[in-house]
There are 2 protein chains.
Amino acid sequence: MSNFGTYIRQARETHRAKDASFSVRQLAARVGIEPSYLSKIERSEQPPPSQQTIERLAEALGEDADVLLALAGKVSDELQEIIRRRPKLFGELIRQLKDAPDHAVLRVVREVRDGEW
Amino acid sequence: MSNFGTYIRQARETHRAKDASFSVRQLAARVGIEPSYLSKIERSEQPPPSQQTIERLAEALGEDADVLLALAGKVSDELQEIIRRRPKLFGELIRQLKDAPDHAVLRVVREVRDGEW
DNA sequence: TGTAGTGTGTAGTATATACTACACACATGA
DNA sequence: TCATGTGTGTAGTATATACTACACACTACA
């Protein structure tokens with residue numbers, strides 16, 4: 001289903017080519033989980049871990065947490081909380097942008113960033 | 001924590017004033033859950049039910065599903081899926097709009113709706 | 001040859017999620 | 001008075017989530 005495991009293994013091994021401390025064991029230790037658990041996750045024998053663990057993995061691997069969470073089939077609680085505060089507004093916005101091409105969404109992002117409210 | 005239960009009870013009793021079929025038992029039957037379960041949810045003795053059940057409640061009560069889900073501390077899988085497809089883009093957008101006033105977000109919604117991509 | 005490190009296999013556990021089934025006490029109307 | 005409907009109390013269950021603990025086989029190096 002998701003390539004989460006493969007992606008993590010890939011990222012870890014890329015780091016490892018330059019830095020031997022990116023072994024399953026040592027990365028797991030840094031992230032705060034059991035090595036066998038990480039190993040199983042990388043081989044998709046276990047589903048992706050919790051949001052917290054994914055965020056620590058992202059940090060340790062220099063990856064974008066939102067992207068890793070997406071691969072894991074999740075959306076960060078931070079983003080969810082923003083939506084939950086104004087569910088109608090954000091619901092409408094997001095559905096509206098569902099099929100908009102990237103550049104159109106980006107334009108909106110920039111407009112809002114630079115824009116006068 | 002959340003007023004989900006109170007909100008549901010309120011909505012149900014409002015309907016009930018006009019339509020006797022909005023009893024706990026009958027609504028529960030329509031929604032496909034046990035009456036005692038609905039009763040407990042309304043009194044916050046149980047946490048809010050699953051997304052599916054919330055959506056059926058919304059339908060039966062004529063309420064906005066996104067709003068009920070938000071009260072339940074959830075975000076619909078449909079919206080999450082849209083975000084997951086382009087996590088960086090939507091992540092940035094949503095964070096950008098976190099503190100924007102409603103009218104600014106609405107303006108964006110309208111722009112996108114009417115806009116030429 | 002032994003010790004340190006590698007990845008992985010086996011066998012669990014704790015907690016949360018999302019409910020069901022059934023019984024009870026009370027009210028209302030026929 | 002009794003059948004019907006009301007809300008609710010008690011006592012469970014099935015499944016998913018998110019892991020841990022420990023052992024094993026293999027490699028490399030000193």
Side-chain angles (χ1 to χ4, degrees), chain A residues 1-2 4-58 60-61 65 68-69 71-77 80, chain B residues 1-2 4-58 60-61 65 68-69 71-77 80:
Chain A
M1 182 92 238
S2 77
F4 182 83
T6 311
Y7 190 97
I8 294 291
R9 169 142 298 186
Q10 248 278 11
R12 186 177 59 79
E13 300 207 315
T14 302
H15 278 275
R16 213 195 176 186
K18 305 260 162 184
D19 182 344
S21 87
F22 279 82
S23 69
V24 167
R25 284 179 128 87
Q26 298 193 48
L27 177 58
R30 260 175 263 142
V31 164
I33 56 176
E34 286 290 308
S36 64
Y37 185 41
L38 177 54
S39 170
K40 276 171 277 192
I41 288 166
E42 287 190 352
R43 288 170 293 125
S44 304
E45 205 195 285
Q46 288 272 335
S50 65
Q51 176 178 330
Q52 220 192 46
T53 298
I54 291 173
E55 279 162 356
R56 289 207 214 99
L57 271 171
L61 293 169
L68 288 193
L69 285 166
L71 282 171
K74 302 180 197 257
V75 169
S76 82
D77 223 58
Q80 293 198 39
Chain B
M1 184 89 238
S2 76
F4 182 83
T6 312
Y7 190 97
I8 294 290
R9 169 142 299 185
Q10 248 278 13
R12 187 177 58 78
E13 300 208 314
T14 301
H15 279 274
R16 213 197 176 183
K18 305 260 162 185
D19 181 345
S21 87
F22 280 82
S23 69
V24 167
R25 284 179 129 88
Q26 299 193 47
L27 178 57
R30 261 174 262 143
V31 164
I33 56 176
E34 286 290 310
S36 64
Y37 185 40
L38 176 55
S39 170
K40 277 171 275 192
I41 287 166
E42 289 191 352
R43 288 169 294 125
S44 305
E45 205 195 284
Q46 287 273 334
S50 66
Q51 177 178 330
Q52 221 193 45
T53 298
I54 291 173
E55 279 162 356
R56 289 208 213 98
L57 272 173
L61 293 170
L68 289 192
L69 285 165
L71 283 171
K74 302 180 197 258
V75 169
S76 83
D77 223 58
Q80 293 197 39

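Model, not experiment: these values are computed from the prediction. Letters A, B, ... are given to chains in the order of the sequence lines, protein chains preceding strands, and every chain is numbered from 1.
- Contact check, A:T53 against D:dA18: no side-chain N or O comes under 4.0 Å of OP1 or OP2.
- Whole-Å rounding puts the A:K40 NZ to D:dA23 C1' distance at 12 Å.
- Atom CD in B:E34 sits roughly 16 Å away from atom P in D:dT13 (whole-Å rounding).
- Scanning both residues, A:P48 and A:A72, for their nearest heavy atoms gives CB-CB, 3.5 Å.
- For C:dG7, neither phosphate oxygen OP1 nor OP2 lies less than 4.0 angstrom from any side-chain nitrogen or oxygen of A:R25.
- Contact check, B:S36 against C:dA21: no side-chain N or O comes under 4.0 Å of OP1 or OP2.
- Nearer the 5' end of DNA chain D, as judged by each residue's closest nucleotide, is the contact made by B:F22, out of A:Q51 and B:F22.
- Residue order along DNA chain C, read from the 5' end via each residue's closest nucleotide, puts A:R43 first among B:S50 and A:R43.
- Taking each heavy atom of A:F22 and A:R12 in turn, the nearest pair found is O-NH1, 3.1 Å.
- Rounded to an integer number of Å, the gap from CD of B:E13 to P of D:dT6 is 13 Å.
- Nearest heavy-atom pair across B:L57 and B:F4 is CD1-CZ, 4.3 Å.
- Within 6.0 Å of CD on A:E13 lie more than 12 heavy atoms contributed by other residues, nucleotides or ligands.
- The phosphate of D:dG7 has OP1 or OP2 within less than 4.0 Å of a side-chain N or O from B:R16.
- The distance from atom CD of B:Q52 to atom C1' of C:dT17 is 14 Å, rounded to the nearest whole Å.
- For the pair B:E45 CD and D:dT10 C1', the computed distance is 10 Å after rounding to whole Å.
- Residue contacts shown for A:P47 are absent, as no nucleic acid heavy atom lies under 4.0 Å away.
- Counting all heavy atoms, side chain and backbone alike, B:S50 lies closest to B:K74 at CA-NZ, 4.4 Å.
- Phosphate proximity of C:dT6 to A:R12: absent, as no side-chain N or O sits under 4.0 Å from OP1 or OP2.
- In terms of phosphate contacts, A:K74 brings no side-chain nitrogen or oxygen within less than 4.0 Å of OP1 or OP2 of D:dT17.
- When distances are taken from the side chain of A:S23 to each of C:dT8, C:dG7, D:dG9, the shortest belongs to C:dG7.
- Within the 4.0 Å cut-off from OP1 or OP2 of C:dT6, at least one side-chain nitrogen or oxygen of A:Q26 is found.
- The CG atom of A:L38 sits 13 Å away from the C1' atom of D:dC19 (whole-angstrom rounding).
- Summarising the geometry, the separation between CD1 on A:I33 and P on C:dT8 is reported as 13 Å, rounded to the nearest angstrom.
- We find that OH of B:Y37 is positioned 16 Å from C1' of D:dA11, with the value rounded to whole Å.
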